[in-house]
Amino acid sequence: MSDNQASDTPEQAEFRARAREWLAANHPGRPPLRLPQGALEVSDPHALEWLRSWQKAAYDAGLVGCDYPTQVGGGGRTNCQTVANQEMFAAKTPYLVNVIGLGMGAPTVFFHAQEEMKQQWLPKLFSGEEIWCQGFSEPGAGSDLANQQTFAERDGDNWIINGHKVWTTLAHFASWMILLCRTSKDDKYNGLSYFVVPIKDAIGRGVTVRPLIKMTGETGFNEVLFDGLVIPDSYRLDEVGAGWKVAMTTLAHERNAGQMITPASGGMPLDEGSGVSTNDPASLARLARNQLRDGKRAADDEALRDEIVKMFIRSEAFRQNRRRTRVPELRDHAQRIPLQSKMIVTELQQDMAELALRIQGLGSTLSFTDDKAPDAGQWGLAYMNTFGITIAGGTNEIQRNILGERVLGLAKTK
Amino acid sequence: MSDNQASDTPEQAEFRARAREWLAANHPGRPPLRLPQGALEVSDPHALEWLRSWQKAAYDAGLVGCDYPTQVGGGGRTNCQTVANQEMFAAKTPYLVNVIGLGMGAPTVFFHAQEEMKQQWLPKLFSGEEIWCQGFSEPGAGSDLANQQTFAERDGDNWIINGHKVWTTLAHFASWMILLCRTSKDDKYNGLSYFVVPIKDAIGRGVTVRPLIKMTGETGFNEVLFDGLVIPDSYRLDEVGAGWKVAMTTLAHERNAGQMITPASGGMPLDEGSGVSTNDPASLARLARNQLRDGKRAADDEALRDEIVKMFIRSEAFRQNRRRTRVPELRDHAQRIPLQSKMIVTELQQDMAELALRIQGLGSTLSFTDDKAPDAGQWGLAYMNTFGITIAGGTNEIQRNILGERVLGLAKTK
Amino acid sequence: MEQPKNFGFGEDEAMLRDSARRFFSDNLPADRLHALVAAEFDPHRANQCKWDADLWKQVTELGWTAACVPEAEGGIGMPLVAAVALAEEAGRAGFPSPMLGTFNATFVLRGCDTDAARAALGAIAEGTSMTLAVTNSRGSLNAGDTDVQVDDSGRLTGSAHFVQDARKADRYLISARGANGVGLYIVERDADGLTVAPDVIVDVTRDQAILGFDNVSALEVAPPGAGQTALEAALPAMLCVLSADMVGAGEWLLQTTAEYARTRVQFDRPIGFFQAIKHPLVNLMVEIDNAKSLTYNAACAVDIGAEDQLTLARMAKAQASSMAVYSGSRAVQFHGGIGFTWECWVQMFFKRQLHSQVLLGDANHHRRQLADALIGPVAA
Amino acid sequence: MEQPKNFGFGEDEAMLRDSARRFFSDNLPADRLHALVAAEFDPHRANQCKWDADLWKQVTELGWTAACVPEAEGGIGMPLVAAVALAEEAGRAGFPSPMLGTFNATFVLRGCDTDAARAALGAIAEGTSMTLAVTNSRGSLNAGDTDVQVDDSGRLTGSAHFVQDARKADRYLISARGANGVGLYIVERDADGLTVAPDVIVDVTRDQAILGFDNVSALEVAPPGAGQTALEAALPAMLCVLSADMVGAGEWLLQTTAEYARTRVQFDRPIGFFQAIKHPLVNLMVEIDNAKSLTYNAACAVDIGAEDQLTLARMAKAQASSMAVYSGSRAVQFHGGIGFTWECWVQMFFKRQLHSQVLLGDANHHRRQLADALIGPVAA
């Protein structure tokens, strides 16, 4: 059931029709190689190229960056990105690979960069020609974002950057990084500034990128070391010392609570044969129907049935919560549901994957690299990868602090 | 199964035999009136008298205060209270009504009072002739014990007491109260002192006792107002300013982590007919077998079965944890299990009672004062009363802090 | 099926809801509710039924109970989401009244295609309150089970149990078994041969009773055979209205406890500083939001006649029920000693939530039914 | 039945346990384990089996595997609680070895009253390692199910699945179906006609394989019909040993995470200050203590031949399994980004716990069996 269309403005309705028509004719079909579960796990250059060509096609069709002004490469529309996302999801398109750039880079640059830099950066970001990554985390900083040690020192019209960033997803492919760093040691918050820095072009000239291996055995993220990287002052975003403020723009968009809706495509099942979607409780139900446990179908075990139904309820609630955010009369506080969203969806995915492993029983011991693994081992992989998302972007513990403080007005835990 | 006997010292073995023999001959039988679920809920004077006569008999038989010296009215034995408790529980005796006195008053007085006062107070405390209550909580203090506002002012050889205590269980029957109060406003911790104060004899002369009504509708605890009560300095425990230290003795014993084992009797089912024991998961299983839900026995609902089994496991684990504390070789940290005990047992009781209400379905709507209520409405009553114990004596939130800090060495949350 | 915009919750529904919110904040703040239902406390109390009948009269005059009565029967003809919004506000106020029963009767009667049912709907629109008497002594959730028999001349004998707000409602809507199946009947509260035997219940904001029928003459609104169908068809709507009540009560418990956590100081800090308080309150907020969204979605599904309306309504009730227990439990716990007293307002909502969770089936019951719909039946 | 003092855990058992603890802290601290099983990492790795066979040889020379072999067969004749204590230490070290399999075989063989079984126990006492091959391709938990057939001349054909540490053990103890029921057989790892097809598994501290039998000659240790009885009788002991491994691994995860929480500073405080970290760690401690006490109690019940030993052992495994998942999950979460990396030692224990929880049946499986014992069977 969908009420998307019912609330369209005339512009949205016209745009939706065109998008739908284009998507019907231009879905790229199955990829010629196996894609990882999400853009953040892409490590194979062939996968990158295939995904990049899809993003370029979607951008050229006006489905990416729709609400940004035409001067910076956007579509110049109003509230159409939401429509594009809905239609791409319904059409089961592949995901957009430049996910950090679209979700965090673009709005940050748009609201804080100089006009000419926006015009230089944003079109290639939208098309996927240039991949972006993000440099917030440091080895010692964790969830305490203000505790940045990477230092940018002024040198005439340039800045010289030294430091160490970790968990820099996609850095091995990235042309640019959005970088929060320290420009003064005197003031924790006002001593931060925000830059866009080159990565690919600067490798060997002050930038080193090293892959980090995840607990799953996959790569996909990295550590980036800056050793005297020199960048021009035009790469600075907003004022010197305004880094914290700029970072809030980034974070608000990361949490889906910013002004610009993030372009998002997706819905294509990763494995055509199994139809596994680690986002969908129907996949759990199907798994339980196929899986024998102690001689009985797992789907006949009432206690497991109860656990599966709880996942259906949480999943449906998440969908309906998103729908309710669009009804101002049924909201209590503008940020109340949007700020829950990351926490809820990541914990739901974690719990669903964990349940799937128990449904599989001994089969859950098999790695995704074993051909005999039930559901291609995707649930075990998904379970481990969910810890990336319950930790990243502010752990869910921090998300609960934010909700308690901003929505319920409770005292700050610090 | 019990390994109690296997580890007895010769003194314990001899004592156990005598206790068992005496109990076989002297169980008081069913009470002539309905008793509440625990000593803390006693509000009927007839119930008090019947319970008091049981305590006196048990004391005269040497089963109460066994390990205290004979000079203060004790049995002068070594590690025999444990044996007495085991045998009284096995014999399904009624509970001991002077529970605050035995659990908190006696050890506090014993370790901190002057010798002559011990000799005056303890024999009548053990026998139940004089009921004791405790004055820690204040309207504004909650879990922050050091935040006492009741004030004792020195006046020559006397002290004058003014203030307001709440949740003073059994105060309406009490002869004495152990009282923590402030003697100096300059120092939060060192400004506290500890007294024993008369209640019954001082009513109308500086003491007012008012009943508080619990959410269940029962009484059983009170608020006590002090308005210029005068007491002699001999009622002071330990030094002026040492109140916090004395309170730690009280709390350690309250949490079953003190040097003296609390005399404890019990095991008598409250309702002979139903055999309900809100401490025993077998009662839940029986309830589920008797209860119809939607035309089926609740005991045939696999999801409910699973929940009931979880209670059995937690209950058995609690029993075996206590057994393991007596095996030094299988302990990791002396306080690790003892400090868990209050938190675990109270949450288990709360969860069991909550589950019972769901097993009962519509029957759970009926009050214990409705004759038609399943299991005499004891589960609903028990559920509500468990909040008394998850809150009292330091909320379970505070218990978790203590465990994290003392056993795991984590930083203090303050 | 395409759902309407905004769950079908339009301007009219918003206006009605806002006026209800104002009405309760003016007329039944929690202190007044406590004075009404809890202040005169008798520890050995008999079966109390404390409520403000005048306030109820005002409610009917404001047209709330006419809201979902079809225009053809003199009502306003609003969708279920309107009743859901009113129930949410009533739950937030812990409103003692026959409102839920009257809404339930409204949706059952809307499914009975008889002149008598239409007339009964007209009476509701004019302010007559009703409640359902469709549960047997074993608390069966099956609409076909009843301990009441109807004879050929339409007279009732037997008993109906767990009747909600029985001493507040003007009329009862009764399921009774005749030779050709279960029919539905209306009886006035003061009918000859009818006895109302009150239960003593834990919830202080409701009353509950056993109705005894001794050859009571009754008005047939659904003939034998049609009654069960009408009851089953109305179940999704009833689940939505009850879930909404729980959402409202849950929100009261959340906001009241959050307010306490903002102001109560322990260890030199407002207790909301501590994550042991803060995070469970956030979790409660999530549970409430989930229940609320599922409830409006299910109500919308009922309004458009969606095929999966029962599935969606069961989801709402399952979620609302587990949330309800959690909301009461955390509110008492975080209020500390005060929360454990009769004086504290929290106990009224705590008990209302416990009562609501078992009405019309608890979370476990609905999840078991949902499993059949979502996973498929258990293999024999 | 009267239980012995201290779970029967006496001085000898304590000494053995203490020496095991020293052995692992000297020889297999977590950094060395990581170097052994994880350092040389191949992202498209085949089925690895990394372990230190010399360390295992030392273990057998220390007499651990002889501990529970009866004195009559050349063993030490200690009770199950001794094996449980050793398994707890092995779990705490994440020890890659055929130790669990060898203990399992020991308890199965003790239930086979044949000379061949006694001789096999003697071999264990002398240092031969074993593992069970008793699971079919569908992972059945029923001891009677097997995909291996035995012919009249005692030769095996078929396959055994999910065989633990198959490339570490010297011999396999196989269940096979003959004309008169299930018997038990021993085959050497290098036997003719036997193939060992490794699985690729998530756990880096174990290996697992499918054994293929093509007319393999085998030594009969329990004749057809007696094998199922012996397997079922040994189940409580096997559950205890496995639960103890999980308790040890859980304790490692707890202590390692607590250490991290004491030292890692965020927002100017060690993160253990925050109740969002502190309280779940306390909850984990409680879960571990519950599992540990239930495990020693069940082992003691096995040692004295108590009637309810299977019930108590199922309780231990159910509790240990749910604790195991929780321990890994919280350890990764509270280590933050570092905990999510291959480099971090936590991942090895996280995966070992996930693997252990499903071996011999997970928490859900055992609770379902317990329900029959504790509540009574479901009415037909």
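Sequence lines set the chain letters: A, B, ... in the order given, protein chains first and strands last, and positions in each chain run from 1.
- Residues of residues 14-22 of chain C lying under 4.5 angstrom from chain A, judged on non-hydrogen atoms, are C:Ala14, C:Arg17 in numerical order.
- Most heavy-atom pairs under 4.5 Å with chain C: of the set A:Arg297, A:Lys310, A:Glu302, this distinction falls to A:Lys310.
- Only the side chain of A:Asp332 comes within less than 4.5 Å of a heavy atom of chain C; its backbone N, CA, C and O stay farther away.
- Using modelled atom types and a 3.5 Å distance limit, the side chains of A:Gln340 and C:Asp289 yield a donor-acceptor pair.
- For the residue pair A:Arg326 and C:Asn6, no side-chain donor N or O sits within less than 3.5 Å of a side-chain acceptor on the partner.
- For C:Ala318, the part lying under 4.5 angstrom from a heavy atom of chain A is the side chain only.
- Heavy atoms of A:Arg305 lying under 4.5 Å from chain C belong to its backbone as well as its side chain.
- Nearest heavy-atom pair, C:Ile375 versus A:Arg289, reported as atom, atom and distance to 0.1 Å: O-NH1, 3.0 Å.
- Looking at A:Leu330, the atoms closer than 4.5 Å to chain C (heavy atoms on both sides) sit in the backbone and in the side chain alike.
- For the pair C:Phe273/A:Lys412, no side-chain contact is recorded, criterion being any heavy-atom separation below 4.5 Å from C-beta on.
- Residue A:Ile337 touches chain C through its side chain alone, counting heavy-atom pairs closer than 4.5 Å.
- Interface residue A:Ile344: only side-chain heavy atoms are found under 4.5 Å from chain C.
- Side-chain atoms of A:Asp306 and C:Asn364 include no donor-acceptor pair closer than 3.5 Å.
- Contacts between C:Gln255 and chain A at a heavy-atom distance below 4.5 Å involve the side chain alone, from C-beta outward.
- Inspection of the C:Asn297 and A:Arg324 side chains reveals no N or O donor paired with an N or O acceptor under 3.5 Å.
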